[in-house]
Amino acid sequence: MSDLPRKAVTRTVKLAALPLGIAGRATWGLGKRIGGKSAEIVARELQQRTAEQLFRTLGELKGGAMKFGQALSVFESALPEEVVGPYRAALTKLQEAAPPLPAARVHQVLAERLGEDWRELFEEFEDKPAAAASIGQVHRAVWHDGRQVAVKVQYPGAGEALLSDLKQLGRFAGLLGPLIPGMDVKPLITELRDRVAEELDYELEAEAQRTHADAFDGDDDVLVPDVVHQGDQVLVTEWLEGTPLSEVIADGTAGERDRAGQLLTRFLFSGPARTGLLHADPHPGNFRLITGADGRMRLGVLDFGTVDRLPGGWPKPIGRSLRMTLEGDAEGVYGHLCAEGFVKESIELDPDAVLDYLKPIIEPAEADEFTFTRSWLRGQAARIADPRSPAHQLGRQINLPPSYLLIHRVTLSTIGVLCQLGATVRLRDELDAWLPGFTPED
């Protein structure tokens, strides 16, 4: 593979083949049903085959295609267990790796962005990438002062590829919806497209990472590597050693899973209060579990290319609405939702029905501790996705204001990762400590 966008025509052809493949499999499925297989079994086989093609293509193309795949990957917990095996394997590959950019092309980018004498900045530089993601890949190196560093190199043509891919994916978003029950993928694609310019700007990313590194400096639970050097399309940060969260999900002990889940929850809710920013790309590839010499486990956080700016921390209406839901205050919750634009003025809903819709979703906040599981998330997804259910009918009438879109996606994504971990988490402790409006005195 040379660089992004390769040839725009090639990328478009690969993406355009996805809906054709889905349609072809639907015809194949009809033939299977005529041949005697049950509709349920055929549906499972179709879902498996579609997932395998989709995420193989997304991983090969990187760019917006892979970014979309990574965003979907945290929702695999919502899939039926009988089809999730091959699907989970395909998604996990997207969280940590992709086909690399050749070394010669990397050297060319470094020479263009850091100067022809770029090698003098490093004592060592590993040509083989340590990780490859949607718009860039990371190389391990030793900075000229002896520090172990990660060198993030943006793929040439990444911006063009991102926009082209997401535009193409948006055209057949409706066909992808059945892969994740209860989720409308079109707003997800739109929101990812809106963030393209920000994610491509390494100066903004460096600023967000420095802000987090300063705020969490010396923290017992969270570690953010410092920025060493930032240039156009090249970002150098301190190297962070540790176990990727994807490996903890696959092979971690119960203690490691619970600790990782608690720290991820703490980072989610404490970050905006401490930095005014919300880390908005919570897939497992962006986190490490780091065990110190004293045996204490900390959460290492990477990739600050996408953040939501919350200068006042979490919006207080979120905490108040959550508290009122836990208290069973239907009128209070409904009033807050109307005031914040979650219920449009032209729509009138039954407050008690709204409360019934919300109560199962906020179950993790009711107990002193809650074990997040794939079966729990699948139950929630099925309840909302079933067109016959009251939850589905009511959910279609709830509006998501633009100011809450990224918060909503980050929260759901984090819950997806917690369910992948199967972690037992004291969620209420973090809400009490960090969510404005959640405690009555707020």
Side-chain angles (χ1 to χ4, degrees), residues 70-97 131 180 216 219-224 240-271 279 281-303 361-381 409-434:
Q70 287 179 335
L72 281 185
S73 71
V74 296
F75 295 106
E76 58 87 6
S77 299
L79 291 166
E81 188 60 34
E82 58 269 19
V83 301
V84 83
Y87 194 81
R88 186 178 297 148
L91 289 168
T92 300
K93 291 176 184 176
L94 284 175
Q95 293 173 350
E96 281 293 328
I180 305 292
F216 287 95
D219 191 86
D220 289 336
D221 299 318
V222 176
L223 178 62
V224 178
L240 199 61
E241 199 67 66
T243 305
L245 221 56
S246 55
E247 292 183 17
V248 178
I249 289 169
D251 301 310
T253 66
E256 290 171 336
R257 292 166 178 269
D258 291 348
R259 179 65 175 165
Q262 191 70 45
L263 294 180
L264 183 62
T265 305
R266 185 165 301 158
F267 177 70
L268 170 69
F269 287 104
S270 69
H279 183 287
D281 196 7
H283 74 82
N286 286 338
F287 300 97
R288 301 287 183 268
L289 192 61
I290 303 164
T291 304
D294 59 356
R296 185 179 182 88
M297 287 181 278
R298 302 166 74 191
L299 183 73
V301 185
L302 306 172
D303 199 336
I361 300 172
I362 58 119
E363 182 184 357
E366 285 191 283
D368 290 336
E369 62 179 28
F370 182 83
T371 300
F372 289 85
T373 64
R374 287 183 166 96
S375 61
W376 174 79
L377 188 58
R378 284 197 300 272
Q380 296 299 320
R409 178 167 73 83
V410 171
T411 304
L412 286 181
S413 298
T414 303
I415 290 172
V417 177
L418 293 175
C419 291
Q420 289 177 338
L421 285 164
T424 299
V425 173
R426 298 180 303 281
L427 175 61
R428 191 158 189 137
D429 288 353
E430 308 304 334
L431 299 177
D432 281 332
W434 302 109

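- His279 places a side-chain N or O within 3.5 Å of a backbone atom of Asp303 that can act as its donor or acceptor partner.
- Separation of atoms CG (Leu412) and CZ (Arg409) is listed at 10.0 Å; rounding is to 0.5 Å.
- Atom OG1 of Thr243 is separated from atom CZ of Phe287 by 15.0 Å, given to the nearest 0.5 angstrom.
- When every heavy atom of Asp219 is checked against every heavy atom of Arg298, the shortest pair comes out as O-NH2, 2.7 Å.
- The distance from the CG atom of Asp258 to the OG1 atom of Thr371 is 7.0 Å, given to the nearest 0.5 Å.
- Rounding to the nearest 0.5 angstrom, the gap separating the CZ atom in Arg288 from the CG atom in Leu240 is 7.5 Å.
- Of all heavy-atom pairs between Trp376 and Ile361, the closest is CZ2-O, 3.9 Å.
- Between Val248 and Leu421 there is a side-chain heavy-atom pair separated by less than 4.5 Å.
- Here the closest heavy-atom approach between residue Gly416 and residue Leu377 is recorded as CA-CD2, 4.2 Å.
- Applying the salt bridge (charged side-chain N to carboxylate O under 4.0 Å, His left out) rule to Asp221 yields the partners Arg259, Arg266, Arg296; only residues at least two apart in sequence or on another chain are considered.
- The shortest side-chain heavy-atom distance between Val222 and Phe267 falls under the 4.5 Å cut-off.
- Residues Asp251 and Arg257 approach most closely at N-NH2, 4.3 Å, considering heavy atoms.
- Note: Glu247 CD to Glu256 CD = 10.5 Å, rounded to the nearest 0.5 Å.
- Looking at heavy atoms from C-beta onward, Val425 lies in side-chain contact with Phe372 at the 4.5 angstrom threshold.
- Contact record, Gln262 with Glu430: NE2-OE2, 2.9 Å, taken as the closest heavy-atom pair.
- Distance check: Ile249 CD1 to Leu289 CG gives 11.0 Å after rounding to the nearest 0.5 Å.
- Taking every heavy atom of both residues into account, Gly242 and Ile290 meet most closely at CA-CG1, 4.1 Å.
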